[in-house]
Each structure stands twice: as C-alpha cells, then as structure tokens.
J.: 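Got a structure here, written out as structure tokens. Questions coming.
Per chain, numbering begins at 1; letters A, B, ... match sequence-line order.
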2 protein chains.
Amino acid sequence: MDVHGRDLRYFAAVADELNFTRAAERLYVSQPALSKQIRMLEKQLGAELFVRDRRSVRLTAVGEALLPHARGVLAAWQAAQTAVEEARAAERDTLVVGMSTSPGRGLLPALRTRLMSRHPAARPVLRQVNWADPTAGLADGSSDVAFVWLPLPDDERYRSVVVASEPRLVALPPGHPLTARAAADPEGAVDFRDLADEPFLALPPEAGPLRDYWLALDARDGRAPRIGGVVASAEETHEAVANGQGVVLLATGNAPLIVRDGVTAVPVRGITPSRLAVAARRDDERALVRAYLAAARAVGAAEV
Amino acid sequence: MDVHGRDLRYFAAVADELNFTRAAERLYVSQPALSKQIRMLEKQLGAELFVRDRRSVRLTAVGEALLPHARGVLAAWQAAQTAVEEARAAERDTLVVGMSTSPGRGLLPALRTRLMSRHPAARPVLRQVNWADPTAGLADGSSDVAFVWLPLPDDERYRSVVVASEPRLVALPPGHPLTARAAADPEGAVDFRDLADEPFLALPPEAGPLRDYWLALDARDGRAPRIGGVVASAEETHEAVANGQGVVLLATGNAPLIVRDGVTAVPVRGITPSRLAVAARRDDERALVRAYLAAARAVGAAEV
DNA sequence: GACATCCATAACTCATGGCTATCACAAGGG
DNA sequence: CCCTTGTGATAGCCATGAGTTATGGATGTC
C-alpha cells in the first residue's frame, strides 16, 4: 500500500548503477542491506524489478515501468520538502505585532525601519486585538510582540520596554460641567477628585489590573468607582461618552480617536501618567523578537 | 530526508478530519499511534504541522504548505502502483514462443488461434533462437514455450507435446552421386548406410543429444561420423552443403529452407523419423503455458 | 458534579532495517 | 590449472520503529 521513500531511492540508485555493490556505496549502506531492501520492495509489489543474472543486473519490464514513477515520487517529495522549508523561513521571518489601538506617535514606522535595518528579511505584520486582552495577543500566542499599556497582568511572564509616558486625559461628553471648569483653570486641567464620583466607562473584567488602572483605582482611597458601562474598542468608547453613559480616562496619544462630535478631553491632575510599552513573552528568545525590543529601547525609555 | 508514504497518508487524514480520534478510526489505527506518528513527522520536518489548541486541531502555516504536496506525493505513488500493475498484467499475458527455425506447417497460426480462444488477452510473441540451444530458450528462461526437436537434453526438466513426426531427408550438394542413386530408387530414397561415411555437417557441441540425433549416431553401430563442419542456422547449412563441405539430415518440413541452387534433398531409409514438439519447463505451471501445450496437444499427437 | 470528549503519555511487543561475516559462483591472470 | 577478484545472496545479531492497551488531564455538557 504505502512505500518508504528510501526504498524508491534505493531502487533508483540500483537502476542507475545496475550494480548492487556500487549502488550500496553511493547510498552509504552495506550491500546486503541494499539487496534485502530491494527484495522487500519486490515482494511488496509482487513483481521482480531486476534480473540478477550471475554476471549482470538489469531491469525487468516491471522495473522499467516503475522507474520513471519512482523518480516522480521522489521529485514530488523533494518539492514538498522545499515548500516546507520556505514556509518555515516565512514563519521565522514574520513578526506579529499586536496592538489594541494604533500606538500612533510615529512608533510603528520607526520600529519597522530599525528592525529591518538589522533583519532585512523580517516582515512585521500588524494585528488588531480586542481591548479585552490587555496583552494584545501575547498571552494566547497570537502575537509575538505587542504594544500594551502598563501595568500588565501576570507581569513576570512578560518583559516590556516603555516607549511613551504621557499624562492621562479625561474624555467628557458635550456640555459636561467639568469642561467649563477646565477652561477656567490656568493649566486647562481638572483635579481627579473632582471627577472621581462621575460614572466611568470600564474595560471588560478580563482586563484585570489594566481595568483598575484606567479607573484610577489607586487614586480613589479605596472607594469603589461608579461604572457607567463596559467598552472594548475606541469606537464603542466614543459612542458611550457621547451618549453620556460616563467619562473615561485616556492616554494623550489616544485622544484624537475619541475627541470629535462635541466630546472633549482635558488633562487630569492627581493621577499617574499612562505608560505605553512594547512587550514580549519573557521566554521568547527568538532573534526577531529580541530585535524588536531592542529597537523599542532605542526609540523609547528604560526597560522594566 | 525520506518519508514513509504512510506518514503522509496519516497527515492528510488528520488534515481532512482536523480530529485525531476520527482520523485514527478512518485509518484503522489507534489514536495514540496516530498522534505519535504525526509528532515524528513534525520532528523530522523540524516544524509543527498542527496546532492542538485545547478544543480544536488546525493546520499551521507549514502544514498548510505541506498538504497539497503530500497529496501530490500520494497521488504519484498511486500512479506508480497502477503502472506496476499494468506491467505485471502485460507480463502475465505475454507468452514468448521460442523457435530455432520457423516450425511452418501452419502450426503457429493454429496454436495462436486456439490459445486466444481460451485466453483472449494473451499475446504470443515469437522469438528466434540460435540452433546452438536445442531448448530454443527454455533453458535460460528467455522463452516460455518453444518448438523443439526431440530428444531434448536434460529431459526431465521439460515436458513436450509432439506436433509433427516426419521422415528425415538428406540434403546433398549439386551433382552428388547419391542424387542419381535416389533418382533410380523406386521410392526416390537412399539407405542410411550408403551415406554414413559421407562428411556430415553437425550442430555445435552445446546441442548435446540433439547433435547426435541429427548425425543419426544410433544408426551407426558405434562408428564415429566424419564431421565436415559445424552449422548453427539454416543459411549456414545451405551454404555449407552447396559448397560441398558435407551432407546433412533434415526434417521434411525444413527441406524448403535448404533446397535451392542445386542442393537437393532425398528421403533416407533406416533412420527414425524426426519429431517436432512444443515444449515448456516442467515446473512452469502458468495458465498461459498450460494452455499453449493443450493447444499443441489438440493440434498434434501424444504428450511425451 | 458526574460524564463525555479528545489529545498526550507510559509501558510493552514484535517486525523492520541496519550491520558484520561468510558463502557461492563466474571471470581473469599468473 | 589454481588462485585471486568481483558480485550478489544468506545468516545471525541488534537497535529502532510502529503498533498495541491502559491511563492521565483538560474542557465542555447535562
């Protein structure tokens, strides 16, 4: 039914040489092993492939019929191996870059350029990941590296390089009283305690510590926030704010995604700045991953 | 380097089912065996072929790349097997009919017709064999059946069916004295003792008992014949007789091959008739061979 | 919470494919 | 004429391959 590729290779070699001893040498096996395998193949096919006439070896009609097909099978397998090798190479050179929202700030082209100056064959592929996954695909392996907001859950599994640290803003619906207060402020900002009691839009519970972070839990002295709704994308967030479901904290760089149709964003005093980082799985030592982190380090700040 | 066809078959089955358990059933192997073989294949290729994600199995990029090639290899091997099967069938249906000189007497078409009425797929192939081999190729396997002159050397290895028994003639050169004597004889014949002392043309020594037979050794009372030359074909024989190198005994049916350009042939009294037979190797039980002998029996006389 | 599904692992058996040593036979060569 | 050389087949041995059954562990389902 099936055949081992080796047997076809052996058969072709003997057919080439018409001499078992020489064929065995060419195949780096002993002559008896070769003889035995050919006999096995003949037995399997139910037909003699060679006539071993005391002084000479030659193909039978059946052998003659098999030879081109045997070569065909071997060639087809050769092609298969090549295809696998190419796929492996493509996989090795592909770096999946996960992100929840576009990191902006000119980071992607800058990192791409630096990466490819070191690894010309590299092909960074961008991948959009739902906000529900704060690791932007690192956790389930769907990304190799990712733009993430610190802090990450399950911190020790990842290493990260901060590439931007910016004050956080609050997005306010049209006509919200705090808009006027910010306008009157010398810095154009508001204090967090002035908005702590507003209903907040929150990330899904799966987001873990990141959800808490964007609710500024650490600045609330243990008092629970009011949750006005759950959002998992920039578009949802804009809609929810515009509809007055609640306010939401934003990284400065993400403000343009939310601020339109009367929604405004103003700086908030009294909370820590947001930190955007490039991260990878700590145990992922692949060259391309290391190179991307190195590029991020060159572009951004210190590793955490 | 090489791959076992089975592994590709297993791989294709799992790729089809995307489920090891079901694929294993389809392949009639246990699930662990299948799992192990796929792992082996992956190890050999140095790349994962499937992602076994808790609940599902799916192809990796490499697996995706391999799949069409794997099917290609399997198809190529399938074609190879078909080719072998066809060659085997052709070989099974081919009957090599050996002969030294054409048996004539309408035997070949008669046997061919009878053979093919029983075995429509049969393809009798005629093969001319040098006179030096009295078995006309049976001995070395180059013929399956053969037209031979009895007695055969190594008798017990063959079985034969006599298809013609005819008086032997002697071929005489132009102007030989015996020609006149025969003309004067009431039967137009000569007695063997009148030509026993002539130089005789003989078959090569390898012909064994057949050589002796055509020298009519049994009719010489132990006296050795004079050998005028050795001949191994009808053409040589004619030439040698015409040149006066010697005389030679002939089967009646073969006279037309020799008698021309003044060479004559006259019946000889006092020697046994020649017996033309169809023979085969005794241990050759193939249907086609048996059928050819049966056809010969129907056409000719009794089996020896 | 018991059960079913599904893939992986463990421990075992037996055939396969390799090796070395040796034989049998034909063909040349001193 | 014997002896060497070349060639394929055979014998006996051993490691590995490929299969088995039994079991584990994770994940949904009723």
J.: Measuring to OP1 and OP2 of dG17(D), would you say a side-chain N or O of Arg6(B) lies under 4.0 angstrom away?
T.: no
J.: Are Asp144(B) and Leu288(B) packed together at the side-chain level, in the sense that at least one heavy-atom pair is separated by less than 4.5 angstrom?
T.: no
J.: We want to know whether Thr60(B) and Glu64(B) form a side-chain donor-acceptor pair, criterion being a heavy-atom distance below 3.5 angstrom.
T.: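 Absent: no donor and acceptor within the cut-off.
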J.: Contact between Val125(B) and Val97(B) at the side-chain level, heavy atoms closer than 4.5 Å - yes or no?
T.: no
J.: I want to check something: taking the side chain as every heavy atom from C-beta on, are Val129(A) and Arg127(A) in contact at a cut-off of under 4.5 Å?
T.: yes
J.: When you measure from every atom of DNA chain D, which of residues 10-29 of chain B have a heavy atom less than 4.0 Å away?
T.: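 Here the set is Tyr10(B), Val29(B).
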J.: Is any side-chain heavy atom of Met1(B) closer than 4.5 Å to one of Arg9(A)?
T.: yes
J.: Quick one, Arg157(A) and Arg282(A) - any side-chain contact, counting heavy atoms below 4.5 Å?
T.: no
J.: Would you check, one step at a time, whether the test salt bridge (Lys or Arg N to Asp or Glu O under 4.0 Å) holds for Arg71(B) with Asp16(B)?
T.: CA-CA 11 Å; Arg71(B) 292 199 206 283; Asp16(B) 280 347; 3.0 Å; yes
J.: What is the distance from NE2 of His4(A) to P of dG17(D), rounded to the nearest Å?
T.: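 After rounding, the gap between these two atoms is 11 Å.
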J.: Could you list the protein-to-nucleotides 25-30 of chain D atom pairs, N/O on both sides, closer than 3.5 Å?
T.:
| from | atom 1 | to | atom 2 | distance (Å) |
| --- | --- | --- | --- | --- |
| dA26(D) | O3' | Arg54(B) | NE | 3.2 |
| dT27(D) | OP1 | Arg54(B) | NE | 3.3 |

J.: Is any side-chain heavy atom of Val145(B) closer than 4.5 Å to a side-chain heavy atom of Val96(B)?
T.: no
J.: Whole-Å distance between dG18(C) P and Gln31(A) CD?
T.: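 Computing the Gln31(A):CD to dG18(C):P distance gives 13 Å.
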J.: Report yes or no: do Glu86(B) and Thr82(B) form a side-chain donor-acceptor pair below 3.5 Å?
T.: no
J.: Looking at residues 34-49 of chain A, who's got a heavy atom less than 4.0 Å off DNA chain C?
T.: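 Those residues are Lys36(A), Gln37(A).
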J.: To the nearest Å, give me how far apart CZ (Arg58(B)) and P (dC6(C)) are.
T.: 17 Å
J.: Charged N to carboxylate O under 4.0 angstrom, Arg88(B) versus Glu91(B)?
T.: no
J.: Could you state the CG-P distance from Asp53(B) to dA8(C), rounded to the nearest angstrom?
T.: 12 Å
J.: What is the ring orientation for Phe50(B) with Phe11(B), classed by angle as parallel under 30°, tilted 30 to 60°, or perpendicular over 60°?
T.: tilted
J.: Starting from P on dG17(D), measure out to CG on Asp2(A) and report it in whole angstrom.
T.: 18 Å
